[in-house]
Amino acid sequence: NAHRAPALWKPVQDHMEHLLVSIKQPCLLLERLCVNLLRLCIHIIDVPEVAPSLLESLHLLTQLDPPLHRALGDRVTVGLLALFRTNAEKIRTREVWTALLSLLNSFASHRTAHHTAVEVLQYLATDGAQVAVRAANFDQLLMSLRLFLDATHDTPPLAPATGLTLAESVRVRVQRGSKLLELMLALFLRLAAWPPSAGGSRRRLAAPTSPYPQSPTPTSPADDAAAASSSGAKFAPVPAGVSSSGEGEVPADAVRSVSPSEGRLSGAASSAASVVDGDDGDDTDPD
């Protein structure tokens, strides 16, 4: 009955949106609205006449009050997992990917929904990469992984109510971070498997803009010491692993430590910038 959706969707949309904005506290009605909205997405997300307004309704879930948003975390992430597993190949526009991944990203710091949300990203980057990853959404998937990695790093240790000790809680966070880094690597490796287009060229990808300061080319401590002695200025030697300034010298009061996550993510952005294959021919998706 998907072909009948355009005739029926408008009154259904108005009714669901009216209920969503009128609910002020978590309840069964809110849960059923969320579940059925996601079910509609699964079945009619590929109907062009309905998709734009359907995504607008889905966006309302990200604008709910924080208590309502938190209450829906598990339902929404499970629904998105089912949606991507059944429709990833049919989602071809950047706007649809933006709407769905924005909803997923809103649960990056959710205590219980985080695990299922990472499972969604794992499917998109590994098992479903053959049909899901393309030039239209590569940078969005990468930014989602980076957002979840930041959330894992910034989240405080799990509460004692979880039954975990502090050491076990830290170990869980490290495991989550390692898994996300592995998924970022899998996403980059997917690029190597993209076949050339019929014209012999490959899709040229722009590196996503990094929210982190880019580190200049590092120099060795010996180079810094030699530069300081030749100029007569007093500079502190650069510790191993810390990049220097553009001229190869770092003033003593300007040496800054680099967090582990910042170093990892700057490296990821650099890797993205280096993935340019073929010529400047017509841009065509591998699919």
Side-chain angles (χ1 to χ4, degrees), residues 1-10 13 37-62 76-106 117-148 183-184 186-209 272 275-287:
N1 292 320
H3 65 283
R4 296 188 175 92
L8 300 173
W9 168 241
K10 183 58 179 175
Q13 178 192 25
L37 184 57
L38 288 166
R39 283 178 176 171
L40 284 170
C41 287
I42 291 173
H43 292 293
I44 62 176
I45 191 68
D46 58 335
V47 178
E49 298 86 354
V50 174
S53 58
L54 183 60
L55 293 175
E56 291 177 4
S57 298
L58 201 62
H59 183 65
L60 289 177
L61 297 179
T62 66
V76 172
T77 50
V78 169
L80 288 175
L81 180 59
L83 172 62
F84 284 125
R85 282 179 171 171
T86 56
N87 291 283
E89 187 175 6
K90 301 176 183 177
I91 304 174
R92 295 189 172 274
T93 65
R94 186 174 180 85
E95 291 73 21
V96 177
W97 279 106
T98 299
L100 295 178
L101 290 177
S102 296
L103 180 58
L104 182 70
N105 294 344
S106 67
V118 172
E119 189 176 349
V120 174
L121 294 174
Q122 181 177 5
Y123 171 77
L124 294 174
T126 55
D127 297 339
Q130 182 68 28
V131 296
V133 179
R134 51 179 63 94
N137 65 1
F138 177 87
D139 60 323
Q140 294 174 315
L141 290 172
L142 180 60
M143 292 303 293
S144 292
L145 287 168
R146 294 172 62 174
L147 179 65
F148 274 77
L183 293 178
M184 294 177 77
L187 195 61
F188 281 116
L189 292 178
R190 171 63 188 156
L191 294 179
W194 281 12
S197 66
S201 63
R202 284 188 170 184
R203 177 79 176 188
R204 182 177 292 271
L205 293 173
T209 303
V275 182
V276 179
D277 296 313
D279 51 29
D280 291 326
D282 295 335
D283 289 344
T284 56
D285 287 346
D287 302 313

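FYI, side chains are in, hydrogens and waters are out, and symmetry mates aren't considered; it's all heavy atoms of this structure.
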Minimum heavy-atom separation for [X] to [Y], with atom names?
X      : Y      : result
Pro6   : Val47  : CG-CG1, 4.2 Å
Ala5   : Ile44  : CB-CG2, 4.0 Å
Gln13  : Ser53  : NE2-O, 3.1 Å
Thr126 : Ala186 : CG2-CB, 4.1 Å

**Fill in**
side-chain contact (heavy atoms from CB on, under 4.5 Å) filter on Val96, not counting sequence neighbours, yields Ile45, Leu55, Ile91, Thr93, Leu100
**Partners meeting side-chain contact (heavy atoms from CB on, under 4.5 Å) with His59 (sequence neighbours left out)** = Thr62, Gln63
Quick check for you: to the nearest 0.5 Å, what is the distance between [X] atom [atom1] and [Y] atom [atom2]?
X      : Y      : atom1 : atom2 : result
Leu141 : Arg134 : CG    : CZ    : 10.0 Å
Ser144 : Asn137 : OG    : CG    : 9.5 Å
Leu147 : Gln140 : CG    : CD    : 13.0 Å
Cys41  : Asp46  : SG    : CG    : 11.0 Å
His43  : Leu38  : NE2   : CG    : 11.0 Å
Leu121 : Leu80  : CG    : CG    : 10.0 Å

Quick check: do [X] and [Y] have side-chain heavy atoms less than 4.5 Å from each other?
X      : Y      : value
Leu37  : Leu54  : yes
Leu40  : Trp9   : yes
Arg190 : Gln130 : yes

**Message:** Looking at Asn87 and Ile42, would you say the former's side chain and the latter's main chain have a donor-acceptor pair under 3.5 Å?
**Reply:** yes
**Prompt:** Between the side chain of Asn105 and the main-chain N/O of Leu101, is any donor-acceptor distance below 3.5 Å?
**Reply:** yes
**Prompt:** Is the centre of the Phe138 ring less than 6.0 Å from the centre of the Trp97 ring?
**Reply:** no
**Asked** Could you go step by step and tell me if Leu124 and Val133 meet the side-chain contact (heavy atoms from CB on, under 4.5 Å) rule?
**Response** CA-CA 7 Å; Leu124 294 174; Val133 179; 5.6 Å; no
**Message:** Restricting to salt bridge (charged side-chain N to carboxylate O under 4.0 Å, His left out), what partner residues turn up for Glu119, sequence neighbours left out?
**Reply:** Arg85
**Message:** Apply salt bridge (Lys or Arg N to Asp or Glu O under 4.0 Å) to residues Asp139 and Arg146 and explain how you reach the verdict.
**Reply:** CA-CA 10 Å; Asp139 60 323; Arg146 294 172 62 174; over 6 Å; no
